[in-house]
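Structure first, commentary second.
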Amino acid sequence: MDFNVKKLASDAGVFFTRAVQFTGEKFGQVEKTELDAHFENLLSRADSTKNWTEKIFRQTEVLLQPNPSARIEEFLYEKLDRTVPSRPNNGELLGHYMQDAAKDFGPGTPYGSTLIKVGDCERRLGGAQREFLQTSAISFLAPLRNFLEGDWRTISKERRLLENRRLDLDSSKARLKKAKLAESKAAVSLPSTTSPCAPSAASCNQAPVQSELLLLNNISHELRVAQTEFDRQAEVTRLLLEGISSTHVNHLRCLHEFVEAQTAYYKQCYLHMQDLQKELGRFPNAFAGNPGLSMASSGSSPQGNATLPQDAASAVETDTLKIEEVQAPATGTRKAKVLYDYDAADTSELSLLADELITVYTVPGMDSDWLVGERGNQKGRVPVTYLELLS
């Protein structure tokens with residue numbers, strides 16, 4: 001118990017001394033030991049690294065998981081050292097709902113069969129997203145978190161210890177300065193001891209001087225100890241701060257891995273959607289083959305709600321697909337720039353390459369989403385959404 005009381009009293013004394021020194025520095029009443037310029041640059045670089053790493057980490061979390069409730073749940077599971085329950089993501093849920101709807105509407109119907117294809121694509125997109133999130137969490141978020149919760153905490157602890165050592169050093173310097181000033185004043189105030197008549201008075205006046213010298217020696221010893229501890233702690237902190245360069249190299253490698261994961265993810269999404277687009281590319285033909293629906297929507301039917309017989313509809317569709325018999329009109333042709341690559345779904349369509357120029361025109365009875373495109377001797381139907389009409 002005595003040991004604890006003594007330690008508590010000692011710690012309280014040290015804390016009070018540091019507080020006095022810190023307050024005096026803030027008011028400019030005492031001197032402060034300044035760190036060299038290189039050390040200050042290391043400190044500034046470390047602070048900048050910590051601040052930007054924290055911002056990048058937080059925003060990457062938002063990017064990968066926009067739902068704040070889900071982020072809180074993941075944080076709690078992580079702190080409890082438990083595995084987050086596996087749940088389907090939004091893409092997988094959407095695909096599941098689409099396929100269930102297709103079963104209800106009938107997988108043999110055009111709408112139902114399309115829902116099955118789109119739903120399967122959405123589920124694959126959801127799986128690609130899940131893989132991307134897992135890869136990014138391991139290769140990018142985990143190293144950033146390890147720096148913030150590991151290396152940076154160690155650096156902060158050593159910096160606080162260095163600041164305490166500096167306060168102890170400056171406090172010892174201030175005490176030594178005061179002791180030297182008091183010793184010089186005591187020496188000046190001593191009377192002359194050259195007279196042989198007052199030996200006892202001289203010896204009495206020497207006692208305060210000896211006491212001042214003893215105190216001066218003690219403070220000088222404390223100063224040397226404080227200087228040694230400060231130098232040792234400064235070297236430890238310097239080594240940790242110089243390790244920030246290695247942190248940058250590590251984060252650079254993680255950033256490359258994050259970019260690679262993003263590239264692979266978006267490439268998978270593009271391929272999945274491209275495959276889906278090819279599968280659905282012939283569906284505009286079905287729309288064009290239903291003239292009753294087209295006429296009702298456009299209001300161009302001279303007979304109101306009347307529809308064409310099935311044989312007539314088939315004839316129109318057959319005529320529309322005979323691209324080789326279509327002739328360019330004398331007027332009404334336009335130039336168009338291709339925005340994206342397009343692979344023809346059948347012989348009636350024309351494959352396109354991005355940025356090429358083609359001639360386009362429309363013919364009676366063709367669906368409004370399509371035009372006839374010509375490139376040299378090649379001719380075929382092209383989707384309007386892939387084109388930028390120039391003239």
* Asked: Can you tell me how far CG of Asn41 sits from CG of Asp36, rounded to the nearest 0.5 angstrom?
  -> 9.0 Å
* **is_close_aromatic(His251, Phe147), centroid dist under 6.0 Å** => yes
* Asp231/Arg238 salt bridge by N-O under 4.0 Å criterion -> no
* Can you find a pair of side-chain heavy atoms, one from Arg124 and one from Gln268, that are under 4.5 Å apart? -> no
* So with a 6.0 Å cut-off around CG of Asn90, is the heavy-atom count from everything else above 12? -> no
* Residue pair Leu371 / Tyr361, side-chain heavy-atom distance below 4.5 Å -> no
* Would you say the side-chain atoms of Glu356 pair up with the backbone N or O of Leu353, donor to acceptor, closer than 3.5 Å? -> yes
* For Glu374 against Ile358, the heavy-atom pair lying closest together -> O-CB, 3.6 Å
* Just checking, is any N or O donor in the side chain of Arg123 or Gln99 under 3.5 Å from an acceptor N or O on the other one? -> yes
* Find the distance between OH (Tyr342) and CG (Leu387) and round it off to the nearest 0.5 Å. => 11.0 Å
* **Backbone N/O of Ser44 and side chain of Ser48: donor-acceptor pair under 3.5 Å** => no
* To do: Compare all side-chain heavy atoms of Leu350 with those of Arg381 and state whether any distance is below 4.5 angstrom.
  => no
* To do: Go through the steps to decide whether Asp120 and Ile116 satisfy the test side-chain contact (heavy atoms from CB on, under 4.5 Å), and finish with yes or no.
  => CA-CA 6 Å; Asp120 181 65; Ile116 291 177; 5.5 Å; no
* Are there more than 12 heavy atoms of other residues, nucleotides or ligands under 6.0 Å from atom NE2 of His248? -> yes
* To do: Output yes when a side-chain donor or acceptor of Thr154 lies under 3.5 Å from a complementary backbone atom of Gly150, and no otherwise.
  => yes
* Between Asp341 and Ala354, which heavy-atom pair has the shortest distance, and what is it? -> OD1-N, 2.6 Å
* To do: Would you indicate whether the side-chain heavy atoms of Ile244 and Asp151 approach each other to under 4.5 Å?
  => no
* To do: Using a strict cut-off of less than 4.0 Å between a Lys/Arg side-chain nitrogen and an Asp/Glu carboxylate oxygen, indicate whether Lys50 and Glu54 qualify as a salt bridge.
  => yes
* Do we see a donor-acceptor contact under 3.5 Å between the side chains of Thr359 and Arg375? -> no
* Asked: Is there side-chain contact between Thr53 and Leu148, with at least one heavy-atom pair below 4.5 Å?
  -> yes
* **side-chain contact (heavy atoms from CB on, under 4.5 Å) evaluation trace for Val382 with Glu349** => CA-CA 6 Å; Val382 292; Glu349 298 180 3; over 6 Å; no
* Asked: For residues Arg224 and Gln227, is any side-chain donor paired with an opposing acceptor at under 3.5 Å?
  -> no
* With a cut-off of 6.0 Å (strictly less than), are more than 12 heavy atoms of other residues, nucleotides or ligands near NE2 of His96? -> no
* Quick one: do Tyr270 and Asp275 satisfy side-chain contact (heavy atoms from CB on, under 4.5 Å)? Show the steps, please. => CA-CA 9 Å; Tyr270 172 74; Asp275 292 341; over 6 Å; no
* Common cluster, Leu280/Phe105, ILVMFWY with side-chain heavy-atom separation under 4.5 Å -> yes
* Compute whether any side-chain donor of one residue and acceptor of the other, for Asp170 and Thr33, lie under 3.5 angstrom apart. => yes
* Asked: Where the side chain of Thr237 meets the backbone of Ala234, is there a donor-acceptor pair that is under 3.5 Å apart?
  -> no
* In one Ile/Leu/Val/Met/Phe/Trp/Tyr side-chain cluster, 4.5 Å: Phe258, Trp52 -> no
* Asked: Does a salt bridge link Glu257 with Arg253, judged by any charged N lying under 4.0 Å from a carboxylate O?
  -> yes
* Asked: At what distance, to the nearest 0.5 angstrom, does OG of Ser136 lie from CD of Gln129?
  -> 10.5 Å
* N-O pairing of Glu92 and Arg130 below 4.0 Å -> yes
* **Transitive ILVMFWY side-chain link Trp370 to Leu339, under 4.5 Å** => yes
* To do: Search all heavy atoms of Leu93 against all heavy atoms of Pro88 and return the closest pair with its distance.
  => CD2-CG, 3.8 Å
* To do: Would you name the heavy atoms of Pro143 and Cys254 that are closest together and state the gap between them?
  => CG-SG, 3.4 Å
* Point-to-point distance, once rounded to the nearest 0.5 Å, from CG of Leu255 to OG of Ser139 -> 10.0 Å
* Are Glu40 and Leu43 close enough that some pair of their side-chain heavy atoms sits under 4.5 Å apart? -> yes
* Asked: Can you tell me how far the CD1 atom of Ile56 sits from the OG1 atom of Thr49, to the nearest 0.5 Å?
  -> 10.0 Å
* Asked: Do any N or O atoms from the side chain of Asn250 and from the backbone of Ser246 form a donor-acceptor pair under 3.5 angstrom?
  -> no
* Asked: So, are Arg160 and Glu163 salt-bridged, with charged N and O less than 4.0 Å apart?
  -> no
* Asked: Hey, are the side chains of Val338 and Asp355 touching, using non-hydrogen atoms and a 4.5 Å cut-off?
  -> no
* Asked: Transitively linked via ILVMFWY side-chain contacts under 4.5 Å: Leu389 with Tyr340?
  -> yes
* Asked: Below 4.5 Å, heavy atoms only, C-beta onward: do Leu161 and Arg165 meet side chain to side chain?
  -> yes
* **Value rounded to 0.5 Å, distance of CD in Glu149 from CG in Leu144** => 11.0 Å
* To do: Let me see the working for Val360 and Val384 under side-chain contact (heavy atoms from CB on, under 4.5 Å), right down to the final yes or no.
  => CA-CA 10 Å; Val360 296; Val384 176; over 6 Å; no
* Test salt bridge (charged side-chain N to carboxylate O under 4.0 Å, His left out) on Arg232 and Glu235 and set out the steps. => CA-CA 5 Å; Arg232 184 186 300 112; Glu235 184 62 23; over 6 Å; no
* Would you kindly confirm whether Leu63 and Phe140 end up in one hydrophobic cluster when ILVMFWY residues are joined by side chain heavy atoms under 4.5 Å apart? => yes
